[in-house]
Structures are given as C-alpha cells and as structure tokens.
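To keep things clear, I will list the structure first and then write my remarks on it.
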2 protein chains.
Amino acid sequence: MKKPELNNKDHVKLARFAKALSHPTRLFILKFLSCCESCYTGNIVNELPIAQSSVSQHLKELKEAGLIDGTIETPKVYYCINKKNWELAKKMFAKFF
Amino acid sequence: MKKPELNNKDHVKLARFAKALSHPTRLFILKFLSCCESCYTGNIVNELPIAQSSVSQHLKELKEAGLIDGTIETPKVYYCINKKNWELAKKMFAKFF
DNA sequence: AATATTAATCGTATATTTGCGATGAACTAT
DNA sequence: ATAGTTCATCGCAAATATACGATTAATATT
C-alpha cells in the first residue's frame, strides 16, 4: 500500500464530513431528514430539547458541509439531504475503512 | 422508517468515532498505521510537520476513541489499529448512510 | 399600517480543540 | 553516576464549538 500524504485533498474533505457528523444532534437531524416528509426547521426544533437558535446553528453547519440543502418557502425553510454529497460521503467513508 | 431518537446510543458512539476522524492529521495517522510496518510514535512524528507533543495529543484522542492501541516497548511506543473497533466504526458508518 | 409567523443572525458565556515549548518519566548505554 | 532516547504530560495561547436569549428580516394576514 502506498504511503499516505498529509493534507491529502480527500483527507481534508473527509475530515470535513466527519466533523459535520461529530455531534449527536446533527446525526439526529440527518436521520430525521432522511425519513420524514415534513422537513421544515420548525419540525426539527419540535423534536429537539434545545433552543431554535441552536438548531439553526447545527443546520448551518450541515449545510456548509454540503450534506443538506435549504429551500426558502417563506416564512418557512424546507431542508433536505443533499443526495449527491450524501453519496459522496458514503463512498469516502467506505473507501477509508 | 421509524423516527430517530435523540441521544440514541448509536448516535453518541458514532459521533465519537466521527469526531476522531474529523481532523486531517488524524486521518493521516490512521492511514499510516494501516499501511506501515514501523508504527512507533517517532515514525509518525517524522512524517508530520507538527511538534511531537501535538502528534502525541492526536494519538491520545485516537486511542481514547478506541480506534488505535498503544503498546509500550520502552523507550518506544508501538501503535496499531484496533481492528475490532475499526470494523465496528466501519459498520456503523455504513449503516448510517 | 399593525400584527403574527418563521427562521437566521447577533452578542455573550463557557467549554473544547489545537498547537507549541518545556518538563518529566522510564528506561538504555556509556 | 551521567548522558541520551523516546514519548507523555503540563501550562499556556489562540481558535473553534456549543448553547442561549434577544433581535432582525422577510413575508403573510388582518
């Protein structure tokens, strides 16, 4: 097997995905989005014991990591899994192990 | 699909693994351990541009997450992948996606 | 125009992470 | 005994993460 490189681009990308997955609340949100029809921020907030602003922060992080997308349907925001990056992350984790 | 639970034990465990994987240096170390014969701390330090104390810190985190084991062979310390937990993490990530 | 709804963002507090150099512990070799 | 090797830990600084209440922005309703 070949020697790994530091700051290998894949490692940076994978680390980014891993970071997004590194908090139980975010794992919960991802699972929730992957199984429910109503995926507005409010629906997620209702399922969690933390403040709306905190949920919003977690959603922002998942969005910045590319794992979810948000669509404004004023005054609500609809969230869903970004399937392309979800598959990419899945593949990258599978490849890593 | 059933509704996810907050603080689901699997989520806490998976988040722990994800956190261990959330830094490029740690991904590098894991890859290095999984492909090299000489896996003493010094070998790893030599491959990285960061201080020995920082590497030691990353090794500690990987160890606490259960992904690696360290064996003292004074004055060196030999590190290797903890295969049981490695497989467990692999399965948990695969199941999650 | 005034009010209500929804969700992001701001400001703040606290905790954790990351990195470093210096030091210490456990030996080995001279 | 002294010096050298290897690696963990300490103490510190800076950056980042987590959570909260309050505020703001965008829009719909009355």
Side-chain angles (χ1 to χ4, degrees), chain A residues 6-7 11-30 32-33 36-80 82, chain B residues 6-7 11-30 32-33 36-80 82:
Chain A
L6 180 66
N7 287 333
H11 281 180
V12 172
K13 182 94 178 149
L14 184 58
R16 186 91 173 78
F17 283 139
K19 194 161 208 163
L21 301 178
S22 74
H23 195 289
T25 297
R26 289 196 289 272
L27 293 179
F28 173 90
I29 292 171
L30 289 170
F32 187 80
L33 290 184
C36 298
E37 294 104 47
S38 339
C39 297
Y40 297 100
T41 304
N43 301 122
I44 301 167
V45 172
N46 287 339
E47 299 291 327
L48 291 167
I50 61 177
Q52 174 264 320
S53 59
S54 303
V55 173
S56 196
Q57 188 61 34
H58 284 303
L59 288 168
K60 188 183 177 189
E61 289 201 38
L62 288 171
K63 200 170 148 191
E64 284 174 358
L67 291 172
I68 65 172
D69 290 316
T71 309
I72 296 169
E73 295 180 15
T74 311
K76 299 186 179 182
V77 177
Y78 176 84
Y79 281 102
C80 61
N82 178 314
Chain B
L6 179 68
N7 287 332
H11 281 179
V12 172
K13 182 95 179 147
L14 184 56
R16 187 88 172 81
F17 283 139
K19 193 160 210 166
L21 300 178
S22 74
H23 195 290
T25 298
R26 288 195 290 272
L27 293 179
F28 172 90
I29 291 171
L30 289 171
F32 186 80
L33 290 185
C36 298
E37 294 106 48
S38 337
C39 298
Y40 297 101
T41 303
N43 301 122
I44 302 168
V45 171
N46 287 340
E47 300 291 327
L48 291 167
I50 61 177
Q52 175 263 319
S53 60
S54 303
V55 174
S56 194
Q57 188 61 31
H58 283 303
L59 288 168
K60 188 184 176 187
E61 289 200 37
L62 289 170
K63 201 169 148 191
E64 283 174 359
L67 291 172
I68 65 172
D69 290 316
T71 309
I72 297 171
E73 296 180 13
T74 310
K76 299 185 179 184
V77 176
Y78 177 83
Y79 281 101
C80 62
N82 177 315

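Chain A is the first sequence line, chain B the second, and so forth, proteins listed ahead of strands; every chain is numbered from 1.
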Exercise. Roughly how far, to the nearest 0.5 Å, is the CG atom of B:Leu21 from the NE2 atom of A:His11?
Worked result: 10.0 Å

Exercise. To the nearest 0.5 Å, how far apart are CZ in A:Arg16 and CG in A:Leu67?
Worked result: 9.0 Å

Exercise. Expressed in angstrom and rounded to an integer, what is the separation of B:Glu64 atom CD from C:dT18 atom P?
Worked result: 12 Å

For this session: Could you tell me whether the side chain of B:Ile50 reaches within less than 4.5 Å of the side chain of B:His58, counting heavy atoms only?
Result: yes

For this session: Figure out the CD1/C1' separation between B:Ile72 and D:dA8, and round it to whole Å.
Result: 10 Å

Problem set entry | Side chain A:Asn43, main chain A:Tyr40, donor-acceptor under 3.5 Å | yes

Between the protein and nucleotides 13-19 of chain D, which nitrogen or oxygen pairs are less than 3.5 angstrom apart?
| unit_1 | atom_1 | unit_2 | atom_2 | d |
| --- | --- | --- | --- | --- |
| D:dA17 | OP1 | A:Lys19 | NZ | 3.4 |
| D:dT18 | OP2 | A:Arg26 | NH1 | 3.0 |
| D:dT18 | OP2 | A:Arg26 | NH2 | 3.4 |
| D:dT18 | OP2 | A:Glu61 | OE2 | 3.4 |
| D:dA19 | OP2 | A:His58 | NE2 | 2.5 |

Exercise. A:Ile68 CD1 to C:dA7 P: how many Å, rounded?
Worked result: 13 Å

Exercise. Atom OH of A:Tyr40 to atom P of C:dT5: distance rounded to whole Å?
Worked result: 18 Å

Exercise. To the nearest Å, how far apart are B:Glu73 CD and D:dC7 C1'?
Worked result: 13 Å

For this session: Pick base, sugar-phosphate or nothing for A:Tyr79, based on heavy-atom distances below 4.0 Å to the nucleic acid.
Result: sugar-phosphate

For this session: Using a heavy-atom cut-off of under 4.0 Å over every strand shown, decide if A:Ser53 touches base, sugar-phosphate, or nothing.
Result: base

Exercise. What integer distance in Å separates A:Lys76:NZ from D:dA25:C1'?
Worked result: 18 Å

Exercise. How close or far is atom P of D:dT6 from atom CG of B:Asn43, stated in whole angstroms?
Worked result: 10 Å

Exercise. To the nearest angstrom, how far is B:Tyr78 atom OH from D:dC7 atom P?
Worked result: 13 Å

For this session: Tell me which of A:Gln52 and A:Pro75 sits closer to the 5' end of DNA chain D, going by the nucleotide each one is nearest to.
Result: A:Gln52

For this session: Scan A:Leu33, A:Leu30, A:Asn82 and name whichever one has a side chain to side chain contact (heavy atoms under 4.5 Å, CB included) with A:Leu62.
Result: A:Leu30

Problem set entry | Side-chain heavy atoms of A:Gln52 within contact of A:Ser56, under 4.5 Å | yes

Exercise. Picking from B:Val77, B:Ile29, B:Val45, what satisfies side chain to side chain contact (heavy atoms under 4.5 Å, CB included) with B:Leu59?
Worked result: B:Ile29

